[in-house]
Engineer: 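Here you go, one structure.
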Amino acid sequence: MTLTENADLGLASLALRRGAAVPQIGVALPGPGGWAEGSGIAAFWTGPEQWMVEFPGRAAADVAGELIAAAPGCSITEQTDGFVAFEITASEPQLLALLSRLVNIDPARLGPGTATRTGFHHMSVFVIRRAADRLALIGMRSAAGTIWHALVEAAQRQEVPA
């Protein structure tokens with residue numbers, strides 16, 4: 001199992017304004033509970049007509065400015081500096097066991113391509129199942145140390161399923 005901070009992840013929130021069409025931004029914006037990946041871009045649903053858009057490897061770029069150009073008529077807000085992202089890679093049985101310890105989510109219902117917001121050690125985080133063996137946890141940057149500590153402790157206590 002590996003735990004890493006994804007310090008290069010650019011983030012911007014996107015919300016449709018009343019009557020606005022869903023923009024074409026390089027990834028199909030997913031519905032409730034969904035996460036979708038395109039070429040150099042990903043997005044997960046955060047609420048009705050609202051998404052968090054991910055730009056891997058682009059934390060230093062003006063991702064909100066780029067998204068504004070690609071999504072006219074939408075409300076866009078830079079989020080990179082407000083959040084921290086941690087990536088977890090493990091075998092699927094290890095990942096499912098870890099999920100059952102970390103958050104109050106049925107791991108079987110959080111399959112690849114899904115995302116949700118949930119409580120984690122008295123904090124609110126986004127949990128994204130990127131693949132069968134990859135999970136991301138995104139939380140407030142001000143709580144980065146607390147999130148990291150809780151992830152490391154849970155991973156160290158992890159019993160590897162047979």
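Below, each value reflects all heavy atoms present in this structure, side chains not excepted, and no hydrogens, waters or symmetry copies.
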Engineer: If you group Ile, Leu, Val, Met, Phe, Trp and Tyr by side-chain heavy-atom gaps below 4.5 Å, do W35 and L96 land in one group?
Structural biologist: no
Engineer: Identify whether M140 and M123 are in the same connected component of the hydrophobic contact network (ILVMFWY, side-chain heavy atoms under 4.5 Å).
Structural biologist: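 They do not share one cluster, since no chain of ILVMFWY contacts under 4.5 Å joins M140 to M123.
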Engineer: If every non-hydrogen atom of A28 is compared with every non-hydrogen atom of A36, which pair is closest and at what distance?
Structural biologist: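 Smallest interatomic distance, heavy atoms only, reads O-CB, 3.4 Å.
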Engineer: Considering only NZ, NE, NH1 and NH2 on the basic side and carboxylate oxygens on the acidic side, decide whether R130 and E54 come within less than 4.0 Å.
Structural biologist: yes
Engineer: Check whether any side-chain N or O of R129 sits under 3.5 Å from a backbone N or O of A132 as a donor-acceptor pair, and report yes or no.
Structural biologist: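 Yes; at least one donor-acceptor contact below 3.5 Å.
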Engineer: Counting C-beta onward and ignoring hydrogens, is there a side-chain heavy-atom pair between V152 and L3 closer than 4.5 Å?
Structural biologist: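 Contact flag for V152/L3 side chains = yes.
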Engineer: I'd like to know if L99 and V125 are part of one continuous hydrophobic network [Ile/Leu/Val/Met/Phe/Trp/Tyr, side-chain heavy atoms within less than 4.5 Å].
Structural biologist: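 In one cluster: yes.
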Engineer: Should I105 and F126 be regarded as members of a common hydrophobic cluster, given that ILVMFWY residues are connected when their side-chain heavy atoms come within less than 4.5 Å of each other, either directly or indirectly?
Structural biologist: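 Looking at the clustering, F126 is in a separate group from I105.
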Engineer: Hey, are E66 and R58 close enough for a salt bridge, meaning a charged N less than 4.0 Å from a carboxylate O?
Structural biologist: yes
Engineer: Measure across A43 and P30 and return the closest heavy-atom pair with its distance rounded to 0.1 Å.
Structural biologist: O-CG, 3.5 Å
Engineer: Would you say R117 and T46 are linked by a side-chain donor-acceptor pair, where the criterion is simply a distance under 3.5 Å?
Structural biologist: no
Engineer: Which heavy atom in P112 sits nearest to a heavy atom in A131, and how many Å separate them?
Structural biologist: CG-C, 3.8 Å
Engineer: Could you state the interatomic distance from CD (Q79) to OG (S13), rounded to the nearest 0.5 Å?
Structural biologist: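 That separation rounds to 4.0 Å.
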Engineer: Does the side chain of E153 reach to within under 4.5 Å of the side chain of H121, using non-hydrogen atoms?
Structural biologist: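 With C-beta onward as the side chain, the pair stays apart.
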Engineer: Share the residues that join W51 in a hydrophobic cluster, the rule being Ile, Leu, Val, Met, Phe, Trp or Tyr side chains under 4.5 Å apart at the heavy-atom level.
Structural biologist: L14, L16, V22, I25, V27, L29, I41, W45, V53, F55, V63, L67, I68, I76
Engineer: Please step through side chain to side chain contact (heavy atoms under 4.5 Å, CB included) for the pair I138 and F44, ending with a clear verdict.
Structural biologist: CA-CA 12 Å; I138 299 175; F44 57 93; 4.1 Å; yes
Engineer: State, to 0.1 Å, how close I147 and G139 come at their nearest heavy-atom pair, and which atoms those are.
Structural biologist: CD1-CA, 3.9 Å
Engineer: Would you please test F86 and N6 for side chain to side chain contact (heavy atoms under 4.5 Å, CB included) and show each step?
Structural biologist: CA-CA 6 Å; F86 295 105; N6 186 349; over 6 Å; no
Engineer: For C74 and R17, which heavy atoms make the closest approach, and how far apart are they?
Structural biologist: O-NH2, 3.3 Å
Engineer: How about T80 and E78: does a side-chain donor come under 3.5 Å of a side-chain acceptor?
Structural biologist: yes
Engineer: Which one of T2, V127, L151 satisfies the side-chain contact (heavy atoms from CB on, under 4.5 Å) criterion with I88?
Structural biologist: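 Testing I88 for a side-chain contact (heavy atoms from CB on, under 4.5 Å) against T2, V127, L151 leaves exactly one candidate, L151.
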Engineer: What pair of heavy atoms forms the shortest contact from P56 to G40, and how long is it?
Structural biologist: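 Closest heavy-atom pair between P56 and G40: CD-O, 3.7 Å.
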Engineer: Verify side chain to side chain contact (heavy atoms under 4.5 Å, CB included) between D133 and E92, making sure each step is shown before the conclusion.
Structural biologist: CA-CA 5 Å; D133 64 344; E92 187 169 25; 5.7 Å; no
Engineer: M1 vs L98, test: side chain to side chain contact (heavy atoms under 4.5 Å, CB included). Steps then yes/no.
Structural biologist: CA-CA 10 Å; M1 178 179 302; L98 182 65; 3.8 Å; yes
Engineer: Any link between L137 and V84 through a network of hydrophobic side chains (Ile, Leu, Val, Met, Phe, Trp, Tyr) touching at under 4.5 Å?
Structural biologist: yes
Engineer: Do L11 and D81 have side-chain heavy atoms sitting under 4.5 Å apart?
Structural biologist: no
Engineer: Is the NZ or CZ atom of R141 positioned over F83's six-membered ring, under 6.0 angstrom from the centre and within 45° of the axis?
Structural biologist: no
